[in-house]
Protein chains: 2
Amino acid sequence: MKLEQAAKQLEALGNPTRLNLYRALVRAGEAGRPVGYLQETLGIAASTLSHHLHRLILTGLVTQERQATTLICRANYPVMNELLGFLADECCVDAACGPASSEAAA
Amino acid sequence: MKLEQAAKQLEALGNPTRLNLYRALVRAGEAGRPVGYLQETLGIAASTLSHHLHRLILTGLVTQERQATTLICRANYPVMNELLGFLADECCVDAACGPASSEAAA
DNA sequence: GCGCTATTTCCAGGATTCTCGAAATATTAG
DNA sequence: CTAATATTTCGAGAATCCTGGAAATAGCGC
């Protein structure tokens, strides 16, 4: 069920700490960020960060890659785009919802 | 603080019942839906629905309008678009993230 | 005002979340 | 193998959320 998955991803982003964390990764782009760097930047306990990170990874919003003892985290752009698509999906089936939509003639 | 607000909205959408509810309103468009209709459609207790609805209204994602004894609920499209914008906002500052972005020349 | 329908508020129990420190694990360096 | 660093897992307390039933409120028609 797609809705469940979308809800989980939204819930994962619906916590200030995690949203902040996620945005840091989004900003970092392809380069990604090591866990330790994120921990210092966000100023939270390592265990707390690990907990949140785990959640983002479970929902597919973030990926990790090992580099020696350091773990590099990256935002998973395709998953985010899919989520954005899901939200905008059924928008406008019966009403105009703004300028962001497709090229359907007025 | 914008991040707090975005997190609250995402959290509001990050519950299957609420996401379902919200999508029903998105699908309904301008017409909106009466609370009672939503309650039957979703098959949940009136108090539960009221609770979730209240939350969506607090975050600004949903609006209500009274029509006699019936309350019509509508999705607030501008707010949703703002939220989508916030998510896509800092995307790609350092990496390509897909086709959904703006018209900035490459 | 009275009754009627639509909706919300109050209350409570059970589940989940958030946060952290301490201990455990993983990987590399020597 | 031992030491050192990076990260996760464990345990726990406080807070919040989710759900529904019962009672209260809001607006309408008579």
Side-chain angles (χ1 to χ4, degrees), chain A residues 1 3-25 28 31-75, chain B residues 1 3-25 28 31-75:
Chain A
M1 182 161 281
L3 183 131
E4 292 282 339
Q5 173 71 0
K8 280 211 174 71
Q9 292 175 348
L10 289 166
E11 186 191 29
L13 294 175
N15 171 276
T17 302
R18 275 196 303 265
L19 184 55
N20 209 11
L21 160 58
Y22 182 71
R23 292 200 102 208
L25 292 178
R33 293 282 186 244
V35 177
Y37 173 89
L38 291 167
Q39 195 224 317
E40 285 188 15
T41 300
L42 301 179
I44 58 179
S47 55
T48 302
L49 174 59
S50 183
H51 170 67
H52 286 311
L53 221 32
H54 184 63
R55 244 176 113 137
L56 287 171
I57 290 168
L58 278 186
T59 62
L61 285 164
V62 167
T63 62
Q64 277 183 331
E65 180 200 348
R66 178 133 238 152
Q67 264 178 28
T69 60
T70 301
L71 275 172
I72 306 294
C73 307
R74 291 196 186 82
Chain B
M1 183 163 283
L3 183 132
E4 293 283 339
Q5 173 72 359
K8 279 212 174 73
Q9 292 176 347
L10 289 166
E11 186 192 28
L13 294 175
N15 171 276
T17 302
R18 273 194 306 263
L19 184 54
N20 208 12
L21 161 59
Y22 182 71
R23 292 200 102 209
L25 292 179
R33 293 283 185 245
V35 176
Y37 172 88
L38 292 168
Q39 195 224 318
E40 285 188 15
T41 300
L42 301 179
I44 58 181
S47 56
T48 302
L49 173 60
S50 184
H51 169 70
H52 286 310
L53 220 32
H54 184 62
R55 246 176 111 134
L56 288 171
I57 290 167
L58 277 186
T59 63
L61 285 163
V62 166
T63 62
Q64 277 183 333
E65 180 201 348
R66 179 131 238 156
Q67 263 178 27
T69 60
T70 301
L71 273 172
I72 307 294
C73 307
R74 291 196 185 84

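Note on naming: letters A, B, ... go to the chains in the order of the sequence lines (proteins, then strands), and numbering restarts at 1 for each one.
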[X] to [Y] - nearest heavy-atom pair and separation:
X	Y	value
A:Pro34	A:Thr70	CB-CG2, 3.4 Å
B:Ala7	A:Pro16	CB-N, 3.8 Å
A:Ala6	B:Leu19	CB-CD2, 3.9 Å

Contacts table for residues 55-67 of chain A: side-chain donor-acceptor under 3.5 angstrom, sequence neighbours left out:
{"residue": "A:Arg55", "atom": "NH2", "partner": "A:Glu11", "partner atom": "OE1", "Å": "3.4"}
{"residue": "A:Thr59", "atom": "OG1", "partner": "A:Leu56", "partner atom": "O", "Å": "2.9"}
{"residue": "A:Glu65", "atom": "OE1", "partner": "A:Arg74", "partner atom": "NH1", "Å": "2.9"}
{"residue": "A:Glu65", "atom": "OE1", "partner": "A:Arg74", "partner atom": "NH2", "Å": "3.2"}
{"residue": "A:Arg66", "atom": "NE", "partner": "A:Ala68", "partner atom": "O", "Å": "3.1"}

Please report, rounded to the nearest Å, how far the [atom2] atom of [N] is from the [atom1] atom of [X].
X	N	atom1	atom2	result
A:Leu10	D:dC17	CG	P	17 Å
B:Glu65	D:dA26	CD	C1'	16 Å
A:Asn20	C:dT19	CG	P	11 Å
A:Leu56	D:dT8	CG	C1'	16 Å
A:Leu71	D:dT5	CG	P	18 Å

Which donor-acceptor pairs under 3.5 Å do side chains of residues 35-53 of chain B form with protein atoms, sequence neighbours excluded?
{"residue": "B:Gln39", "atom": "NE2", "partner": "B:Ile44", "partner atom": "O", "Å": "3.1"}
{"residue": "B:Thr41", "atom": "OG1", "partner": "B:Tyr37", "partner atom": "O", "Å": "2.8"}
{"residue": "B:His52", "atom": "ND1", "partner": "B:Arg18", "partner atom": "NH1", "Å": "3.0"}

Under 4.0 Å protein heavy-atom contact, by nucleotide of nucleotides 24-30 of chain C - B base, S sugar-phosphate only:
--SBS--
Within the 4.0 Å limit for protein heavy atoms, which parts of nucleotides 18-24 of chain D are touched? Write it as a string from 5' to 3', B for base, S for sugar-phosphate only, - for none.
SBBBB--
Take the C1' atoms of the five end pairs on each side of the helix from C:dG1-D:dC30 to C:dG30-D:dC1, derive the two axes, and give their angle rounded to 10 degrees.
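About 30° separates the two local helix axes.
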Going from [atom1] on [X] to [atom2] on [Y], what distance comes out if it is rounded to the nearest 0.5 angstrom?
X	Y	atom1	atom2	answer
A:Arg33	A:Cys73	CZ	SG	11.0 Å
A:Leu13	B:Gln9	CG	CD	12.5 Å
B:Asn15	A:Lys8	CG	NZ	11.0 Å

Positions of residues 33-42 of chain B (non-hydrogen atom under 4.0 Å from DNA chain D), listed by number:
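Residues of residues 33-42 of chain B under 4.0 Å from DNA chain D: none.
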Would you say B:Gln64 reaches C:dA6's phosphate, i.e. side-chain N/O to OP1/OP2 under 4.0 Å?
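So the side chain of B:Gln64 is outside the cut-off, no N or O lying under 4.0 Å from OP1 or OP2 of C:dA6.
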